[in-house]
Number of protein chains: 2
Amino acid sequence: MSSRDIARAAVRARLAEVAFGMFRSAGFDNVTVNDLAAAAGVSRSTFLRHFGTKEEAVLGAFDLQFEQIAALLRERPASEDDWTALRRALDTMIAPHRTDPENALATARLVEETPALCAHQLHKQNTWRPALATALAARSGQSVTMAHEVRAGAALACLNIALGHWTRSNGERDLDELLNEGFHALM
Amino acid sequence: MSSRDIARAAVRARLAEVAFGMFRSAGFDNVTVNDLAAAAGVSRSTFLRHFGTKEEAVLGAFDLQFEQIAALLRERPASEDDWTALRRALDTMIAPHRTDPENALATARLVEETPALCAHQLHKQNTWRPALATALAARSGQSVTMAHEVRAGAALACLNIALGHWTRSNGERDLDELLNEGFHALM
DNA sequence: TCATGTTTGACACTCAGTCTCACTTTGGGA
DNA sequence: TCCCAAAGTGAGACTGAGTGTCAAACATGA
């Protein structure tokens, strides 16, 4: 990672933070890219060059999480069945909800109540699903089957549902238990 | 259903058909709403009044299918386990792929290769999932639990994955069998 | 026939996203 | 240290989606 990449990532992080703050207080649809750029002290061009779309300013961070999940999945022991491996790998995804529930709750709410964000998020998951299936198969040296992909998809659906319940409980219910309850319907 | 509603539905169907034809031959992103309106002989305003968004011209029909699935699900006998009931209900969804594979294949391809359509489709499924869970619970007089919702979500993921395989096989593989294979990883 | 509600087309407007061009900054090699 | 090539930035023009308003045409049911 060159120093340029570091600088670029720092700018990106700052822009995302400013954007999240404005979306959180005014609502995604009531903030324009011009507003975001002005608030962050950059031009409209620069903002869009960093994120491509308004949605990516919120959802861009999730790509890293998916890579982490895939990596963790690959490291789960082959003796573990797929459901258990998936359940464990998702612990990474819900770590932020434990360490910074305030922020995680605001993000989850924003995504859930904004159709454009929700749709993009689901599409992102759909894009990552094959990679999860590959990781699931690779950890036990198997080749990818439809079963791997179905289990990966089911686990993601489970995550979304558990997160939805968690959000609607204002973060009061335990996300770990909600996930366990969800996986219980699958295992 | 008044005569006005009938006329309205007829116009909608015709507009959707024209739109699908153009999307199919030129690609979703290469056709503007102006193009669609001109080809259908209506104004841009009228086209957008009927569908709201370009995407809905393609995906609008799926709402009916989801209602059908929910209705069928409610009618499955309480003696059937949830997975079997879901699997049977999905037969409705894949009926068109049997009766008119040509058209179904083109639609599936269009949705899959167009990110905007894919995202909207997934969001639609996400919106309908609670209704499926309710139907699943109602058929055996239970109240809705997270398990119902998780199973509904998993079934939808399974449908998407099976459809993806079917599309990539150019409609040559049997969608019924693909669905069975997918559900096998869950049941 | 008439009053009412619906559909339509025209048009103006906002905003997202793409593209191009010129300018500035920066990193790394000579 | 100097220099150059590459990367980042800002300005601005442009396309196209989606919203809202208005007046005219239309169909429906009394």
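Residue numbering restarts at 1 for every chain, and letters A, B, ... go by the order of the sequence lines. All heavy atoms count here, side chains included; hydrogens, waters and symmetry mates do not.
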Quick check: does any side chain N or O of [X] sit under 3.5 Å from a backbone N or O of [Y], one acting as donor and the other as acceptor?
X      : Y      : result
B:R139 : B:E80  : yes
B:R129 : B:A152 : no
A:D35  : A:T32  : yes
B:H184 : B:N180 : no

**Request:** Would you please say whether a donor-acceptor pair under 3.5 Å links the side chains of B:Q142 and B:H148?
**Result:**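 Side-chain D/A pair, B:Q142 to B:H148: present.
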Nucleotide [N], atom [atom2] - distance to [atom1] of [X] in whole Å:
X     : N      : atom1 : atom2 : value
A:R8  : D:dA6  : CZ    : C1'   : 13 Å
A:F51 : C:dA16 : CZ    : C1'   : 16 Å
B:R12 : C:dT6  : CZ    : P     : 18 Å
B:N30 : C:dT18 : CG    : C1'   : 14 Å

Polar atoms only, N or O, under 3.5 Å: list the protein pairs with nucleotides 25-30 of chain C and their distances.
from	atom 1	to	atom 2	distance (Å)
C:dT26	O2	A:R4	NH2	2.8
C:dG27	O5'	A:S3	OG	3.4

**Request:** Describe, in one word, how the ring planes of A:W83 and A:F183 are oriented to each other, choosing from parallel (under 30°), tilted (30 to 60°) and perpendicular (over 60°).
**Result:**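 The rings of A:W83 and A:F183 stand perpendicular, inter-plane angle above 60°.
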**Item:** Parallel, tilted or perpendicular, as decided by the 30° and 60° cut-offs, for the rings of A:W166 and A:H97
**Value:**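 Perpendicular: the ring planes of A:H97 and A:W166 meet at over 60°.
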**Request:** Would you tell me if any nitrogen or oxygen in the side chain of B:H50 comes within less than 4.0 Å of OP1 or OP2 on C:dT8?
**Result:**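 Affirmative; the distance criterion is met.
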**Message:** For the SG atom of B:C158 and the CG atom of B:L86, what is their distance to the nearest 0.5 Å?
**Reply:**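 Reported value, rounded in 0.5 Å steps: 10.0 Å.
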**Item:** Protein proximity profile, nucleotides 10-22 of chain D - base contact B, sugar-phosphate-only contact S, no contact -, cut-off 4.0 Å on heavy atoms
**Value:** BBB---SBBB---
